[in-house]
Amino acid sequence: MQVNNDIIGIESGFARQVALDSGVDLFACYQCEKCTNGCPVTFAMDYEPHQIIRMVQLGLREEIARASTIWVCASCETCFTRCPQGVDIPKLMDYLKQLVLSQGDKPAEGAVAAFHQVFLENIRRFGRVNEAFLMGAYQLKSAKAEKRIDVKEMISNLKLGIEMLKRGRLGFIPKKTGAKEAVRKLFEK
Amino acid sequence: MTNTQTKEPTGAVMVVGGGIGGMQASIDLAESGYLVYLVERKSSIGGRMSQLDKTFPTNDCAMCMLSPRLIGCASHPNINIITLAELIGLEGSTGNLTAHVKKYARYVDEDKCVGCGICAQKCPVNVDDEYNEGLQSRKAIYLQYPQAVPLVYAIDRDHCIYFKKGKCRACEKFCKTNAIDFNQTDEEISLKVGSVILAPGFDLFKAERAQEYGYGRYQNVVTTMEFERFMSATGPSDGHILRPSDRTVPEKVAWIQCVGSRESIRNGREFCSSICCVAATKEAVMATDHHSGLKATIFYIDLRAQGKGFDAYCERAKKQSNVRYVRSMISRVAENPITKDLVLSYQDPETGKKREETFSMVVLSVGLAPSSEAGPLAERLGIDLNPFGFVKTQTGDPMSTSREGVYVCGGFEGPKDIPETVTQASAAAARATLPIASVRGYEITLPSLPPERSLFMRETRIGVFVCCCGTNIAGVVDVEAAAKYARQLPGVVLSDVFLFACSTDSKVRLKELIEEHDLNRVVIASCSPKTHEPLFRATLREAGLNAYLLEMANIRNQCSWVHADAPASATRKAKDLIRMSVKRVALQEPITSKRVPVVPAGLVVGGGLAGLTAALTLADQGFETHVVEQSDHLGGRHIDSPLTLEGFDPAKHLRELIKRVEKHSRVTVHTRAVVEGFAGHVGSFLTSIRKGDGTQVSVRHGTAIIATGAEEYRPDGYLYGRNSHVITQSELNSDIEKQPEIVKSFRSLVMIQCVGSRTEEHPYCSRVCCSQAIANSIRLKNSNPDMDVIVLYRDIRSFGFKELFYKEARKRGVIFVRYEQERPPQVFENEGALKISFLEPSLRRKVILTPDRIVLSAALRPHSMASQIAGIFKVARDDQGFLLEAHVKLRPLDFATDGMFLCGDGHSPKFPEETIAQAAGAAGRAMSILSKDAMYVGPSSQVDPDLCAACMTCVRTCPYHVPFINEDGVSQIDPARCKGCGMCAAECPAQAITVHHYTSEQIEAKIQGLFEKEMPEVKSA
Amino acid sequence: MDVTYYPGCSLESSARDYDESTRAVCASLDIHLHELPDWTCCGATSAHSLDEELAVTLPALNLSGAERLGNHMVVPCPLCFNRLKRAQEEVKSSLRIYDLASFIGQAEWLEKIRSRLKFPLDAIRAVCYYGCMANRPPKVTGSVDYENPCDMDNICEALGVDVRPWSYKTDCCGASFSVSRKDIMYNLVKKLYDKALEAEAECIVVSCQMCQANLDLYQKDISIHFKGNYNIPIFYFTELIGLALGLKGTTTWLKRHMVDPIPFLEKKELLRQ
Amino acid sequence: MPRVSGTRGSQKRQTMTEEFEPQIIAFCCDYCSYAAADLAGSIRMSYPSNIKVILVPCSGRVDPVYLLRALEEGADGVYVTGCMEGDCHFVTGNFKAKKRVSYIRKMLDEIGIEQDRVQMFNMSASDAPEFARVAKMMTEKIRALGPNPLRDR
Ligand SMILES: Cc1cc2nc3c(=O)[nH]c(=O)nc-3n(C[C@H](O)[C@H](O)[C@H](O)COP(=O)(O)OP(=O)(O)OC[C@H]3O[C@@H](n4cnc5c(N)ncnc54)[C@H](O)[C@@H]3O)c2cc1C
Ligand SMILES: Cc1cc2nc3c(=O)[nH]c(=O)nc-3n(C[C@H](O)[C@H](O)[C@H](O)COP(=O)(O)OP(=O)(O)OC[C@H]3O[C@@H](n4cnc5c(N)ncnc54)[C@H](O)[C@@H]3O)c2cc1C
Ligand code: SF4
Ligand code: SF4
Ligand code: SF4
Ligand code: SF4
Ligand code: SF4
Ligand code: SF4
Ligand code: SF4
Ligand code: SF4
């Protein structure tokens, strides 16, 4: 164990703040690991779900802000469904994502963040999501976020797009919804 | 209501529920001189324990321990067992209650059925057998289990086709005793009782509700109760653990703990079921015992082994049985649909990485719930329940329900293991009889018996009676031939055959024959003496013969039933057995039970919560009581303790007890007093006490209760005693009390659990310190919510409803961090500052803090004076110095020495409610002796002084230290204390000891009987 | 029976087959779908990930529209269903919302399916895959058998399909990462393939267009990525109903799949049109 | 096959070629093993009828003399059954019994009699299968050993 990795002091105020703002009952957690044992994506996480809770409890705010876990969580709700203490981890993950963005920190998973942002933008513009537009905008945004273009990925997406188009599974013109304006208003708040 | 109050109360008690709790309460009540109605919903008594295989922490066979209780209830003249019955209403007031009981039709006449089971063989209907958790089937006419009491079949109306379709009655046709009675109807009876004890026990969490584990979907996922049945020799696989899917021995079995316990997501399941951690450990150990290759893994959150000896038990499971404990809660069970193997994912404790592992079988440790019948029962009786459906009780009076005159014990009061249940049952018996103590002995009847006929100068006249047991015996053994054969044996003057020897009419006939033929020895060749000897002994006695002139030849259980495929040799063996019995019975002697008068006074050593509770219980029941306390004040160590988690004020409670004790006319208190000498036997002890002023008094008493309590360990290490900011929980208590402002100003505080507990040298859990830490951390958070409170623990043992307080502490922001025994936290000073460093196990990172205080949850140790007391009273202590009960499971309140009882922290660490229950229970046990004028002791051993060589062999051999060398220089055995085991006699080199009723002559007669020359030759059948 | 129909964005493009088959199946069972006029996107994962307010207001917009229509609402896309149910909790709407599979899984329709069955699918061995969102968390979805949902199983059994038990009905397929973290999605989907094969299934039946997309669109890529050779047709349960009831258009829908199910069905002699 | 039982004289005439039916005595303690024997009956297990049970209060009551007496009188085998170790109702009786049985076995060995004719077993009250197993096993073993040589003295 690295010495500089030691945790010196704890900051319990952070946990109280998070619990209050997110409405997640994270103090109820007794670290049983059931969430982690059922989580389908731990293989892609840098911290496991129960570790995130413990990190919040100990007030490790910087490390949480740098964690990819909060972005990699698939919101599959497995952990919340089974947690004996009813800790709503996906909700906590969402809260932490928003906390990171609102603090202006760089998300650990740029691509994921980019996707969500493009997706919302898409809704804002059309009221509904158009998958073809979405893909295009996402390619650009993620390239910007990651500061590189994944050419292979782009080609493979393009190929798939064409195949889908052939089978009538991709439309270029978004269908119109009459509620576009109402949606736009929601975004303005 | 005034007129009912002036009315004399009724000296009878109703006990609802015939599990181990109900049975223990019934026996204690009956022994103390009260009439008992034991009301059981099912067709026989026994409860959950009858389903268990072995029991923790001794691995004793559940049935071995249960049988004596079953038979005790069945044969007690003052216990009236009412099965298939429910209490439906209760009127009146304490002391004068009318209980309305609904008795469901059994459709089998209890007086006629002899339990032969022929009906069930003929019954065409198969029904899921709930005794075997549905893993097997039984018939519509059934016996709950082979050893059931009463041993009477019952028809399950819901499944019998006669009740459904109006046809069948096969059972009726084949029943030889005409016991089947389809005309029976449900009836309501009203009984007058003084009080009621509820002991309806518990049910189990429905495992299907924990959908993620696939119970009901996956064949190889079973519950702990089902696993008990698999392990049981009377279970569905004859004691072999087999996978339900393919009936092979599982290689790897996983237990998942806390299924339906400690969770807020499924309604009403927030509490800890308390027993399942150790029950699973037991099952894992027994499973590896059954099949040596079997690998057992237990997945758990906190290992809750807070009972006496439980931690050591779990350690043995790890070391000797290789049971693997993995602290990681399984999220779901996945099944391979082809192999039916089960896949679990968990955090590997070694690497901290998630891994998948395949198991052949998964056992779910399902939580406990109150009996499904208990809710409606409580509602009918108007009794308050807690949010989980268990009876609500108060810490200060844990046996009383919200309704006066109605008491509770066992699983209905909260999750409990067997010793806790037995303890509370004895306590409930003591509590329930307080209001009716004035009428003790009024309701019971003593049978009037004819005088015993003298055998002096009379020839031996033996009668042999061979039972057919319907076809149970006669279907295999040629009973007529056996009887004829018996008639020719020396000494036999009469032999006869009975269709059912134990039926009421046979008993009448037997008495007539004894008188008619002037018989003075009787051999009954029928079933087991274990079940039927009391009955036939009583018959002999009623006929004016001494009860010990009977011998039984077990030609059913040990002959016809086991040799059904070889009738000729069975008949031969039956004759052999009869011949052996005849030979023996001729040598049997009448034995008169020795009468030992009882001194109706009790002695209590220790004046703490336990001692005072026990003393008052005895005194309130009308017995003189002496309390011996070594310090200068009563109250013990709890006299200045803070409120408990549940809000109980021990100090206030104790002050009240002290006030009552001091005023009580029947209690004599000796403070600053020590016991100096002790002699005598049950019913009559003599103790000498040296008082503070140097004077000495001698006290005569019938029983003694030792309640010497415990002390807080003075820690060694963690800078305790060297840095004033390192304190114990008790010291924190007093700081909170005396200097609240300073405490409030702390910014952070760390508690360390298990200091001096659960170590190599002290491998026991102090039980109360987790709750103490929780209570104190809540108090700290209350005084200053911003204080960082960190609790470093090994397992949080907030068992039962205390789990709710654990959650409350967490919700208030107390942070609980686990540490492993191998890596304790480090406490050190750095530039004058107190520091602590520990490994945070979830993140696997070191945390270093600078707390204002470090609080040690120090162990409880036996009172320093306890060893002296144990020495004087010659009672045993365990290797930790705690007082040792006679039997961990079934006699948790008794010492091995008759008439001596124990309670309180001196037995093992305890919460106040447990101490109170145990103290009342110990008093209840003592009462069952004190309430008698005299005790009668059965056959014992006797030394022939002329033969005794004073070699001391017997003195060394006797496990109860009974024989001693008397003034004449020879060994002497006190019949009041001897248990008649005969061990001394077997060792005595001079053959100087006679074991009455099991004399060498009698035993050798049986041996010779088998090979007897003079006996007539027998042609083969 | 008249019901409000909320198709959701994907059913307009990548999941047209689902939309078309849903409409055809409902029509054949006398369920009259009335598409919610001017419906808008439910916000999906992205809204709740980044903006908890939008996560409620977007679906709520649709709820108020549906409430005006009065009928029960049926939602084929489990993600939309989930978002709508959550919003319902927040805005306390009393609308009855069903996800399509549990709607059709009701006894009434099962009976109808059985009685109109033309071509029983006895030859097909399948597992039903429900994914996350139709059932979890039960507090939101109101699902009773949330760890082992059975609506699709019941429907498929009514069609004659040999439905295999398996433990992975509600495991996650990584829907939200099909674009941004394909590696994650690949891993999750591969496991589903392997487990389905372990259960001796020949195809997977789904009720979610995200699942269908992940399992079908990327099957070739996943095969290549893991050097495997998967060829597992992924059917919408509605398509199987179409097949078994002999509905018009079934082949058209099936032709939109990336893993061509036609040869599989031909081998089983189940293509009757 | 006509067979006479119960008389030592006639058994003497039996030769090894005839089927030999051993007589075996089992001393069973009151608390566990006798109950196991009873339970074997209740659940209708079966075992050879060669076993004759003698009830004793505790396996610790069994005087070594009884074991020898049984052999002397003509038993072909004799065994003692007690509670499981640690479960003895009288605390140490089964240990005492174990010691005595092993002492007798040694003695038999010294005088040239097969020590397996005398044995000790532990079983719980619910372990009917074990009782039956032991009964079968002993019968087979003693049958294999043949008649007790002491009988022909
Ligand atoms: C899997 C498992 C393993 C266990 N292993 C151990 C162990 O190894 N060691 C140990 O110490 N403990 C063990 N226990 C716990 C033990 O079983 C209990 O402590 C004990 O049985 C409690 O006894 P009881 O008399 O309170 O209740 P029960 O045994 O449940 O008896 C209650 C009785 O009341 C009857 N009844 C119910 N309702 C009514 C009614 N309305 N009217 C009349 N009668 C009614 C029932 O039919 C039953 O006969 C285990 C428990 C389980 C589940
Ligand atoms: C250190 C410690 C901390 C505890 N903390 C808590 C807590 O926070 N919360 C909680 O609920 N419970 C707690 N308990 C448990 C609680 O104390 C018990 O439930 C209860 O007090 C036990 O009562 P007792 O009568 O058995 O023992 P005690 O109260 O210890 O009384 C024993 C008495 O016997 C006397 N005595 C001892 N030896 C002799 C002798 N040879 N002759 C004559 N008299 C003798 C002693 O002087 C003493 O008065 C704690 C116990 C201990 C030891
Ligand atoms: S399952 Fe719940 S209680 Fe257990 S570690 Fe995860 S969040 Fe904590
Ligand atoms: S919701 Fe997120 S953290 Fe929870 S199980 Fe699913 S992926 Fe894992
Ligand atoms: S006596 Fe009759 S009712 Fe009783 S068990 Fe025998 S056959 Fe059945
Ligand atoms: S009448 Fe009922 S109980 Fe009797 S044999 Fe028939 S089905 Fe069984
Ligand atoms: S922690 Fe409590 S509920 Fe969980 S298994 Fe252990 S004893 Fe049972
Ligand atoms: S005494 Fe006879 S009839 Fe009664 S149970 Fe025993 S053997 Fe059967
Ligand atoms: S702190 Fe006390 S109660 Fe808790 S586990 Fe340790 S010894 Fe047991
Ligand atoms: S018979 Fe047993 S209890 Fe009695 S003196 Fe002898 S050894 Fe002790």
Side-chain angles (χ1 to χ4, degrees), chain A residues 40-41 43-44 71-72 74-78 80-82 86 88 90-91 93-95 97-98 101 109 111-120 122-123 126-132 134-135 138 142 153 156-157 160 163-164 167-171 174-175 177-180 182-183 186-187 189, chain C residues 8-10 12-17 37-41 43-55 57-58 61-62 65 82 131-133 135-140 146-147 170-177 179-184 187-188 191 213 217-218 221 252 255-258:
Chain A
V41 294
F43 65 89
W71 299 98
V72 165
S75 305
C76 73
E77 305 282 351
T78 306
F80 178 38
T81 301
R82 297 185 187 144
D88 193 340
K91 191 164 164 190
M93 299 287 192
D94 284 347
Y95 171 84
K97 282 183 268 219
Q98 289 160 30
L101 292 182
E109 292 284 327
V112 178
F115 175 80
H116 293 319
Q117 284 165 336
V118 169
F119 195 98
L120 285 188
N122 208 296
I123 303 176
F126 305 112
R128 294 183 191 168
V129 169
N130 177 274
E131 287 162 341
L134 181 67
M135 292 301 282
Y138 165 73
S142 69
E153 171 84 9
S156 108
N157 280 342
L160 183 65
E163 285 295 318
M164 286 171 74
R167 288 170 169 76
R169 288 179 75 170
L170 214 53
K175 290 224 178 108
T177 167
K180 217 162 91 177
V183 168
L186 292 181
F187 274 80
K189 345 184 204 198
Chain C
C9 306
S10 324
E12 289 199 324
S13 52
S14 62
R16 269 175 67 184
D17 35 5
D38 289 332
W39 58 268
T40 60
C41 176
T45 312
S46 299
H48 71 78
S49 289
L50 299 192
D51 190 327
E52 55 189 310
E53 223 175 300
L54 278 180
T57 52
L58 281 170
L61 200 61
N62 295 293
N82 198 292
C132 312
M133 289 297 141
N135 294 286
R136 266 194 312 258
K139 263 192 207 140
V140 169
Y146 49 90
E147 293 283 356
T170 61
D171 274 32
C172 179
C173 71
S176 53
F177 298 125
V179 177
S180 53
R181 279 293 299 268
K182 284 218 178 79
D183 56 326
I184 295 179
N187 268 295
L188 298 178
K191 181 169 176 191
L217 293 183
Y218 298 102
D221 295 350
T252 326
K255 278 187 179 145
R256 299 197 196 280
H257 292 200
M258 297 290 287

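Lettering of chains follows the sequences in order, A, B, ..., and the numbering in each one begins at 1.
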(message) Quick check on Phe43(A) against chain C: is it the side chain, the backbone, both or neither that has a heavy atom closer than 4.5 Å?
(response) side chain
(request) Answer with side chain, backbone, both or neither: which region of Leu61(C) has an atom nearer than 4.5 Å to a non-hydrogen atom of chain A? (result) side chain
(message) Any non-hydrogen side-chain atom of Arg136(C) less than 4.5 Å from a side-chain atom of Phe80(A)?
(response) no
(message) If I measure from the heavy atoms of chain A, does Ser10(C) come under 4.5 Å with its side chain, its backbone, both, or neither?
(response) both
(request) Please tell me if the side chains of Leu58(C) and Val183(A) come closer than 4.5 Å, counting only heavy atoms from C-beta onward. (result) yes
(request) Measure Ala113(A) against the heavy atoms of chain C and call it side chain, backbone, both or neither at under 4.5 Å. (result) backbone
(message) With a 4.5 angstrom heavy-atom cut-off, is it the side chain or the backbone of Val72(A) that approaches chain C, or both, or neither?
(response) both
(message) For the CG atom of Asp38(C) and the CZ atom of Arg128(A), what is their distance to the nearest 0.5 Å?
(response) 7.0 Å
(request) Might you point out which heavy atoms bring Leu54(C) and Leu186(A) nearest each other, and give the distance in Å? (result) CD2-O, 3.9 Å
(message) Set out, in order, the CA-CA distance, both residues' side-chain angles and the distance that settles side chain to side chain contact (heavy atoms under 4.5 Å, CB included) for Asp94(A) and Glu52(C), then state yes or no.
(response) CA-CA 8 Å; Asp94(A) 284 347; Glu52(C) 55 189 310; over 6 Å; no
(request) Taking only Lys NZ, Arg NE, NH1 and NH2, and the carboxylate oxygens of Asp or Glu, determine whether Glu147(C) and Arg82(A) approach each other closer than 4.0 Å. (result) yes
(request) Check Cys76(A) against Met133(C) and note the closest heavy-atom contact, atom names and distance. (result) CA-CE, 4.2 Å
(request) Test Ser49(C) against every option in Met93(A), Gln98(A), His116(A), Gln117(A) by the side-chain contact (heavy atoms from CB on, under 4.5 Å) rule and name the one that passes. (result) His116(A)
(message) For Arg256(C), which atoms come within 4.5 Å of any heavy atom of chain A: side chain, backbone, both, or neither?
(response) both
(request) Mind listing the closest non-hydrogen atom pair of Cys41(C) and Ile123(A) along with its distance? (result) SG-CD1, 3.4 Å
(request) Of all the heavy-atom pairs spanning Thr81(A) and Pro138(C), show the shortest one and how long it is. (result) CG2-CD, 3.4 Å
(message) If I measure from the heavy atoms of chain A, does Asn82(C) come under 4.5 Å with its side chain, its backbone, both, or neither?
(response) neither
(request) Heavy atoms only, distances under 4.5 angstrom: which of Ser75(A), Pro90(A), Ala111(A) has the most pairs with chain C? Name it, please. (result) Ser75(A)
(request) Could you pull out the closest heavy-atom pair between Trp71(A) and Leu50(C), with the gap in Å? (result) CZ3-CD2, 4.0 Å
(message) Taking the side chain as everything from C-beta on, heavy atoms only, tell me whether Cys132(C) gets closer than 4.5 Å to Thr78(A).
(response) no
(message) Please classify the contact between Lys139(C) and chain A as side chain, backbone, both or neither, with a heavy-atom cut-off of under 4.5 Å.
(response) side chain
(request) Measure the OG-CG distance between Ser46(C) and Asn122(A) for me, rounded to the nearest 0.5 Å. (result) 9.5 Å
(request) List the atom of Gly43(C), the atom of Phe119(A), and the distance in Å for their closest heavy-atom pair. (result) O-CE2, 3.8 Å
